[in-house]
2 protein chains.
Amino acid sequence: MLQIPTTLDETTPASLRPVLTPMPVMTQAGTRLLDAAGDLFYDRGVRAVGVDLIAETAGTTKKTLYDRFGSKDALVRLYLLQRAGRWREHLLARLESAPADSESQVLTVFDVLEAWMGPQRRGCAFVNAYAELGDTDHPAVPVIRAEKAWMRTLFDILTGDPVLGGHLHLLYEGTLVLLTAGANPQAVPEGRAAARSAMAAHHHP
Amino acid sequence: MLQIPTTLDETTPASLRPVLTPMPVMTQAGTRLLDAAGDLFYDRGVRAVGVDLIAETAGTTKKTLYDRFGSKDALVRLYLLQRAGRWREHLLARLESAPADSESQVLTVFDVLEAWMGPQRRGCAFVNAYAELGDTDHPAVPVIRAEKAWMRTLFDILTGDPVLGGHLHLLYEGTLVLLTAGANPQAVPEGRAAARSAMAAHHHP
DNA sequence: AGGTAACCACACCGGTCGGTATACTCGCAG
DNA sequence: CTGCGAGTATACCGACCGGTGTGGTTACCT
């Protein structure tokens, strides 16, 4: 049985320790605000979206936004936290209904990525956010780092080998970048084939 | 002899056709402006830097900025164009003074990347810019696409095989992302080792 | 001498930024 | 009945956004 952590620990992200980073209790307007912010942040970028637009899109007011979340920075952090949780749940569910052997599991990650992205060209929400925030003390940065560390841990666990896991994680991140910024529609098939080749080479050296 | 294009063709980026995209003739204040904009854009992101700050940092005025470049968007495009040119020249110079065999050339790319980045955590200027601009009609987007296509062509030429070239390009982009957004200081050594493994597997299948 | 390109200093424009304040309505629990 | 949390509406704040206009000073070219 594979043991994959389902929570996102911001302080020791690579560990398996099940630390909770719970979402705050959401009111109705709060949920609408976070959903609207999520769509807008992802589509246009964090800095490009103002709090006025978020409140208007959610059908509420800036007052309510600041009553619920306190600041735009906190809302950005929650946006990434929610997105990380949804991706993890989605991916783990698909992996459970895939063949249990290591190679199938890894290739399934690429398949799930392709279906998740669809025809869209906005790339990885975490890489995009990091591009805007940089290596600062913004409260969202630990969430970004934790998401990358979680994917690395996933590949390590799926393969049982940190060297192969690292190789596959590099291929996964490269695929995501070249699919979007690179505008290469063949990125996912190429990434999948490269992953297959890397696993074959590792098992028959 | 390796034949690597040194120019950045925005319209047919993958071709070897030597189309020029020359920098405009620069005055003294124009050069200072573009240099200041380059540093600020890369360090803080394109949207986070205003034209007032650029002009002040360059020791000139907004008036001069708009007289030279016409718009902030044009300045952003020129920033990426200049950066792409510098990276290409730097990388090709290092490749010329490296062993000429295919494997050494590829591994040298990772070494040059590590030295180019240094201890810094701002990542790929082109990926960062795409994160802010997205798949829009911004004049800088073709420059981003062309840079990614140029790196892919480089790996194709260095290896003489588009399948292996694609694999290595994925590893290269993944390395860059995980070094910065992922905050993994082992990203370059891991990427280098993965590249070596991919090339070995390709030659002894 | 006249023209012109480059540059600087500075004021100005409408719009938007993140964030706050005031005042009001509604539903609900004590 | 009262208090309170949630929400709405709207006005406001100083700061900054990209971009423009005016006027004046050099230096060089014809």
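Quick note on labels: first sequence line is chain A, next is B, and so on, each numbered from 1. Side-chain atoms are counted along with the backbone in the values below, which use heavy atoms only and exclude waters and symmetry mates. Predicted model, so just to flag it, every value in this text is computed and none were measured.
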| request: Describe the nucleic acid contact of A/G70 in one word from base, sugar-phosphate, nothing, applying a heavy-atom distance below 4.0 Å. | output: nothing
| task | Determine the contact category for B/V49: base if any of its heavy atoms lies under 4.0 Å from a base atom, sugar-phosphate if only primed atoms, P, OP1 or OP2 are that close, otherwise nothing. | result |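 Sugar-phosphate, no base atom in range.
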In whole Å, I'd like the distance from the [atom1] atom of [X] to the [atom2] atom of [N].
{"X": "B/M26", "N": "C/dC7", "atom1": "CE", "atom2": "C1'", "value": "16 Å"}
{"X": "A/D67", "N": "D/dC4", "atom1": "CG", "atom2": "P", "value": "16 Å"}
{"X": "B/Q28", "N": "D/dT26", "atom1": "CD", "atom2": "P", "value": "16 Å"}
{"X": "A/L65", "N": "D/dA6", "atom1": "CG", "atom2": "P", "value": "15 Å"}
{"X": "B/L75", "N": "D/dC17", "atom1": "CG", "atom2": "P", "value": "14 Å"}
{"X": "B/L53", "N": "D/dA15", "atom1": "CG", "atom2": "P", "value": "17 Å"}
{"X": "B/E56", "N": "C/dC10", "atom1": "CD", "atom2": "C1'", "value": "14 Å"}
{"X": "B/F69", "N": "D/dT20", "atom1": "CZ", "atom2": "P", "value": "15 Å"}

| message | Here's a test of your reading of the structure: between B/T27 and B/D52, which maps to the more 5' nucleotide of DNA chain C? | response |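 Mapping each residue to its closest nucleotide by heavy atoms, the 5'-most match is B/T27.
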With a 4.0 Å limit, can you tell me whether [X] has a side-chain N or O closer than that to the phosphate oxygens OP1/OP2 of [N]?
{"X": "A/T61", "N": "D/dG7", "result": "no"}
{"X": "B/S71", "N": "D/dG19", "result": "no"}
{"X": "A/K72", "N": "C/dG18", "result": "yes"}
{"X": "A/T64", "N": "D/dG7", "result": "no"}
{"X": "B/R47", "N": "D/dG18", "result": "no"}
{"X": "B/R32", "N": "C/dC8", "result": "yes"}

| task | Specify the residues of residues 33-42 of chain B, ordered by number, for which at least one heavy atom lies under 4.0 angstrom from an atom of DNA chain C. | result |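 The stretch gives none, as no residue of it lies under 4.0 Å from the strand.
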| said: With side-chain hydrogen bond (donor to acceptor under 3.5 Å, both in side chains) as the test, pick out the partner of A/K63 among A/T60, A/D67, A/T61. | reply: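 Only match with A/K63 under side-chain hydrogen bond (donor to acceptor under 3.5 Å, both in side chains): A/D67.
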| message | Please check if the number of heavy atoms outside B/R44 that lie under 6.0 Å from its CZ is greater than 12. | response | no
| message | With no hydrogens and no angle check, just 3.5 Å: does a side-chain donor-acceptor pair link A/E147 and A/Y130? | response |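 A/E147 vs A/Y130: no donor-acceptor pair found between side chains.
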Flag, side chain of [X] to backbone of [Y], donor-acceptor distance under 3.5 Å:
{"X": "A/Y42", "Y": "A/G123", "answer": "yes"}
{"X": "A/E173", "Y": "B/V177", "answer": "no"}
{"X": "B/K72", "Y": "B/V46", "answer": "yes"}

| request: Between A/G30 and B/K62, just flag the one whose closest nucleotide in DNA chain D comes earlier from the 5' side. | output: A/G30
| message | Does this structure show an ion pair linking B/R77 with B/D73, if we count only N-O contacts that are shorter than 4.0 Å? | response |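 B/D73 and B/R77: not salt-bridged.
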| message | Assess whether a salt bridge exists between B/K62 and B/D52, defined as any Lys/Arg side-chain N lying under 4.0 Å from an Asp/Glu carboxylate O. | response | yes
| Which nucleotide, C/dC7, C/dC8, D/dG7, lies nearest any side-chain atom of B/K63? | C/dC8
| task | Could you please name the option among D/dT20, C/dC7, C/dC17 that lies closest to any side-chain atom of B/Y66? | result |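 Between D/dT20, C/dC7, C/dC17, the one nearest the side chain of B/Y66 would be D/dT20.
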